[in-house]
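Take a look at the structure below.
For this chain, numbers begin at 1 and follow the sequence in order.
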Amino acid sequence: MSRRDKIHDAVRQALTKDGWTITADPFEIEYEEARLRADLAAERMLAAERAEERIIVEIKSFLSPSPLHELQAAIGQYQMYLMCLETAAPERRLFLAISQPVWESLFTLKITQDFIRRFPLRLFVVNLQTEEIVLWKE
């Protein structure tokens with residue numbers, strides 16, 4: 001079993017509060033001979049469209065002494081999952097979940113903002129105290 005991220009339970013609770021149903025924890029991605037594990041899968045009914053919205057969530061705390069190095073690894077993992085999901089589960093959109101302090105410190109740096117502009121990244125930000133989603137960025 002893979003190790004859960006420190007903010008895993010808060011992200012899971014925030015998604016539930018936002019109306020999502022957790023459908024897998026973790027979500028296995030099968031791609032040719034490889035098996036990868038994203039942290040969560042969730043679904044939400046879109047009442048206006050009478051359809052379901054499906055997402056895969058990779059959760060990152062960025063607690064290492066070198067957050068930029070951890071960001072490099074997270075972006076590489078995100079891109080690999082994105083490629084695999086195009087074949088394995090094309091109906092799902094991939095998101096990176098981060099905490100509000102990480103958003104305010106790491107993701108507001110110019111290097112991170114420029115990188116996200118060049119290599120689009122879907123993410124959402126969770127307030128860990130209230131366990132609520134405070135920002136969706138697509």
* Asked: Only one of Glu53, Glu43, Glu52, Glu58 forms a salt bridge (Lys or Arg N to Asp or Glu O under 4.0 Å) with Arg93, so which one is it?
  -> Glu53
* Do Tyr78 and Lys60 have side chains that get closer than 4.5 Å, going by heavy atoms? -> no
* Can any side-chain N or O of Asn127 pair as donor or acceptor with the backbone N or O of Val134 at less than 3.5 Å? -> no
* Below 4.5 Å, heavy atoms only, C-beta onward: do Leu123 and Trp103 meet side chain to side chain? -> yes
For residues 106-121, which side-chain donor-acceptor pairs fall under 3.5 Å, sequence neighbours excluded?
from: Thr108; atom 1: OG1; to: Glu104; atom 2: O; distance (Å): 2.8
from: Lys110; atom 1: NZ; to: Asp114; atom 2: OD1; distance (Å): 3.2
from: Lys110; atom 1: NZ; to: Asp114; atom 2: OD2; distance (Å): 2.7
from: Thr112; atom 1: OG1; to: Leu106; atom 2: O; distance (Å): 2.9
from: Gln113; atom 1: NE2; to: Phe107; atom 2: O; distance (Å): 2.3
from: Asp114; atom 1: OD1; to: Arg117; atom 2: NH2; distance (Å): 2.4

* Asked: Taking only residues two or more places apart in sequence or in another chain, which ones pass salt bridge (Lys or Arg N to Asp or Glu O under 4.0 Å) with Glu132?
  -> none
* Asked: Taking atom CZ of Arg12 and atom CD1 of Ile22, what is their separation to the nearest 0.5 Å?
  -> 5.0 Å
* To do: With the side chain counted from C-beta on, respond yes when Phe95 and Val11 share a heavy-atom pair under 4.5 Å apart, and no when they do not.
  => no
Show which side-chain atoms of residues 81-88 pair as donor or acceptor with protein atoms under 3.5 Å away, not counting sequence neighbours.
from: Tyr81; atom 1: OH; to: Arg37; atom 2: O; distance (Å): 2.8
from: Tyr81; atom 1: OH; to: Gln77; atom 2: NE2; distance (Å): 2.9

* Asked: Can you name the closest pair of heavy atoms from Ala14 and Val126 and give their distance?
  -> CB-CG1, 3.9 Å
* ILVMFWY network linking Val102 to Ile59, side-chain heavy atoms under 4.5 angstrom -> no
* Is any side-chain heavy atom of Asp39 closer than 4.5 Å to a side-chain heavy atom of Val57? -> no
* To do: Examine Ile98 and Ile56 and state if one hydrophobic cluster contains both, with Ile, Leu, Val, Met, Phe, Trp and Tyr joined whenever side-chain heavy atoms are less than 4.5 Å apart.
  => yes
* Asked: Looking only at heavy atoms, which two atoms of Ile29 and Ala38 are closest? And how far apart?
  -> CD1-CB, 4.2 Å
* **side-chain contact (heavy atoms from CB on, under 4.5 Å) assessment of Ile55 paired with Leu15** => CA-CA 11 Å; Ile55 62 173; Leu15 282 167; 4.1 Å; yes
* Asked: Is it true that a side-chain atom of Glu70 and a backbone atom of Leu63 form a donor plus acceptor pair closer than 3.5 Å?
  -> yes
* Asked: More than 12 foreign heavy atoms under 6.0 Å from NZ of Lys17: is that the case here?
  -> yes
* Examine Met80 and Leu96 and state if one hydrophobic cluster contains both, with Ile, Leu, Val, Met, Phe, Trp and Tyr joined whenever side-chain heavy atoms are less than 4.5 Å apart. => yes
* Nearest 0.5 Å, what's the CH2-CZ distance between Trp20 and Arg44? -> 4.5 Å
* Do His8 and Leu40 have side-chain heavy atoms sitting under 4.5 Å apart? -> yes
* Out of curiosity, Phe62 CZ to Asp5 CG, how far, rounded to the nearest 0.5 Å? -> 9.0 Å
* Asked: Below 4.5 Å, heavy atoms only, C-beta onward: do Glu131 and Thr16 meet side chain to side chain?
  -> no
